[in-house]
Number of protein chains: 2
Amino acid sequence: MESPRIRRSSELRQAEIVQAVVALAAESSPADITTARIAAAMNLTQGAVFRHFPTKEAIWLAVAEWIEENLLAAIEEASLSSSEPLAQLRAMFRAHIGFAVAHPGAPRLIFHELQQPGDSAVKRRIRALLGSYRGTLLQVLKCTKERGVVRRELNVEHAATLFIGAIQGFVMQSMLAGSMRGVEGAAEGVFDVYLAGVVGRRE
Amino acid sequence: MESPRIRRSSELRQAEIVQAVVALAAESSPADITTARIAAAMNLTQGAVFRHFPTKEAIWLAVAEWIEENLLAAIEEASLSSSEPLAQLRAMFRAHIGFAVAHPGAPRLIFHELQQPGDSAVKRRIRALLGSYRGTLLQVLKCTKERGVVRRELNVEHAATLFIGAIQGFVMQSMLAGSMRGVEGAAEGVFDVYLAGVVGRRE
DNA sequence: ATACTAAGCTAGTAATTAATTACTTACTGG
DNA sequence: CCAGTAAGTAATTAATTACTAGCTTAGTAT
């Protein structure tokens with residue numbers, strides 16, 4: 001009945017720890033993810049966690065990097081899926097919602113870190129991630145204006161804020177409902193309302 | 001130099017505690033608002049806090065009730081400010097942003113509670129508050145459809161989600177910027193983008 | 001005045017948490 | 001084969017936390 005006490009390389013364990021944190025965040029507040037809970041989720045003792053990360057802060061940083069890499073990659077890929085900017089926007093929206101559904105802990109971790117006061121390394125990383133995200137978004141939005149597929153007077157900054165807010169709204173809904181179930185379906189409908197505001201004319 | 005050690009009624013202290021929590025949440029994560037910090041903010045000892053609330057949970061509940069009363073009252077008032085539903089919508093948006101600017105801790109507290117797993121009394125209260133909010137919103141949105149001031153095919157549920165998301169987006173922005181400064185200005189612009197999506201035609 | 005009550009203080013408690021220590025054990029290269 | 005290293009354990013530590021007990025004191029009604 002005893003687990004055979006597997007030994008793994010630090011590199012592997014680091015990745016496992018990051019995954020464990022993301023998984024734990026899906027079901028509980030990041031604030032009460034303790035090193036003991038992380039260890040338990042990996043079938044390890046609490047002390048062993050510190051063989052692979054010097055501090056808990058270092059764990060959060062690694063998690064932030066993981067989110068950055070994976071979310072931005074998904075968004076980037078989506079933005080390249082078409083040459084038509086409105087299709088790009090929809091693909092990015094879908095990709096982001098998809099990521100949040102696959103990893104419900106991710107948006108919580110981001111929010112939790114931003115809430116922290118001061119200027120930790122983790123917070124700076126999150127800020128960079130969101131800045132990069134917004135940059136991509138603005139690029140696509142500007143492209144829609146240049147091509148004249150949206151109304152001329154559209155403020156792309158505000159349009160970007162509303163885009164991100166729309167996704168934030170889903171995260172909120174899912175926390176209300178207790179799960180991400182059904183969210184993906186509604187996403188298309190909400191995006192349609194958003195798009196109507198951006199395009200600004202009836203077809 | 002010593003403070004004259006004021007004595008106040010429990011009723012007053014309860015209100016003070018709630019205000020202290022809301023104020024503290026404006027600058028730090030609700031997760032690390034301790035009873036000691038609350039007491040310090042009131043010029044009281046930590047133990048004295050428990051003369052006025054039996055548990056910390058009771059404090060959170062009182063805070064939730066305070067938010068419920070004040071936010072809903074502001075929204076309600078805004079929704080009655082006009083007979084024109086689109087003007088009502090804008091007033092509600094303004095009122096909500098105004099509330100968030102005046103009490104930046106409030107949205108954090110709501111989010112923090114929703115993140116908690118399980119079904120505490122506080123969480124149920126927050127859910128009720130958001131349900132009521134959404135109810136008012138849907139009522140106004142339906143009214144716009146009946147009067148034909150928005151496009152016929154608009155899905156009011158999705159429009160409500162996007163409305164709430166737009167505000168969520170601002171909370172996010174303000175946490176990124178570190179303050180609510182400048183948010184109120186951008187709010188009008190974002191609402192315009194939103195409104196274009198709801199109305200669905202150029203005037 | 002005196003006695004009662006409500007609010008405050010000091011000084012604890014038990015539980016929890018990140019981090020450390022001393023020791024053990026599984027791999028791995030020469 | 002065996003010596004060194006990397007990964008694991010178990011137990012402990014210092015700090016923090018919600019909460020409590022026992023005593024003090026301000027305000028008030030009789």
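Throughout, a chain's letter reflects where its sequence line sits, starting with A, and its residues are numbered from 1.
The environment of CD in A/Q139 is sparse: at most 12 heavy-atom neighbours from other residues, nucleotides or ligands sit within 6.0 Å. Surrounding CD of A/E188 are more than 12 heavy atoms belonging to other residues, nucleotides or ligands, all under 6.0 Å away.
The CG atom of A/L44 sits 15 Å away from the P atom of C/dA26 (whole-angstrom rounding). Remark: C1' of D/dT9 and CE of A/M42 are 15 Å apart, rounded to the nearest angstrom. Nucleotide C/dT20 holds its P atom 15 Å from the NZ atom of A/K56, rounded to whole Å. The distance between atom CD1 of A/I59 and atom P of C/dA19, rounded to the nearest whole Å, is 8 Å. Here D/dT17 presents its P atom at 11 Å from CD1 of B/I38, a figure rounded to the nearest Å. When the C1' atom of C/dT21 is taken as reference, atom CZ of A/F50 falls 14 Å away, rounded to whole Å.
Within residues 21-35 of chain A, no residue has a heavy atom under 4.0 Å from DNA chain D.
B/E65 pairs by the side chain to side chain contact (heavy atoms under 4.5 Å, CB included) definition with B/L61, B/R125, not counting sequence neighbours. In this structure A/A73 satisfies the side chain to side chain contact (heavy atoms under 4.5 Å, CB included) test with no other residue, sequence neighbours excluded.
The aromatic rings of A/F191 and A/F93 sit tilted relative to each other, their planes meeting at an angle between 30° and 60°. Using the six-membered ring where Trp is involved, B/Y133 and B/F163 have ring planes that are tilted, between 30° and 60° apart.
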Mind listing the N/O atom pairs, protein and nucleotides 5-7 of chain C, below 3.5 Å?
{"residue": "C/dA6", "atom": "N3", "partner": "B/R7", "partner atom": "NH2", "Å": "2.8"}
{"residue": "C/dA7", "atom": "OP1", "partner": "B/S10", "partner atom": "N", "Å": "2.7"}
{"residue": "C/dA7", "atom": "O4'", "partner": "B/R7", "partner atom": "NH2", "Å": "3.4"}
{"residue": "C/dA7", "atom": "N3", "partner": "B/R7", "partner atom": "NH1", "Å": "3.2"}
{"residue": "C/dA7", "atom": "N3", "partner": "B/R7", "partner atom": "NH2", "Å": "3.3"}

Which donor-acceptor pairs under 3.5 Å do the side chains of residues 112-121 of chain A make with protein atoms, sequence neighbours left out?
{"residue": "A/Q116", "atom": "NE2", "partner": "B/D32", "partner atom": "OD2", "Å": "3.4"}
{"residue": "A/D119", "atom": "OD1", "partner": "A/R127", "partner atom": "NH2", "Å": "2.3"}
{"residue": "A/S120", "atom": "OG", "partner": "A/K123", "partner atom": "N", "Å": "3.1"}

Taking distance alone, no hydrogens or angles, what donor-acceptor pairs closer than 3.5 Å link side-chain atoms of residues 165-173 of chain B to residues at least two apart or in another chain?
{"residue": "B/Q173", "atom": "OE1", "partner": "A/R134", "partner atom": "NH1", "Å": "3.2"}

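Side-chain proximity of B/A48 to D/dT9, C/dC9, C/dA18: nearest is C/dC9.
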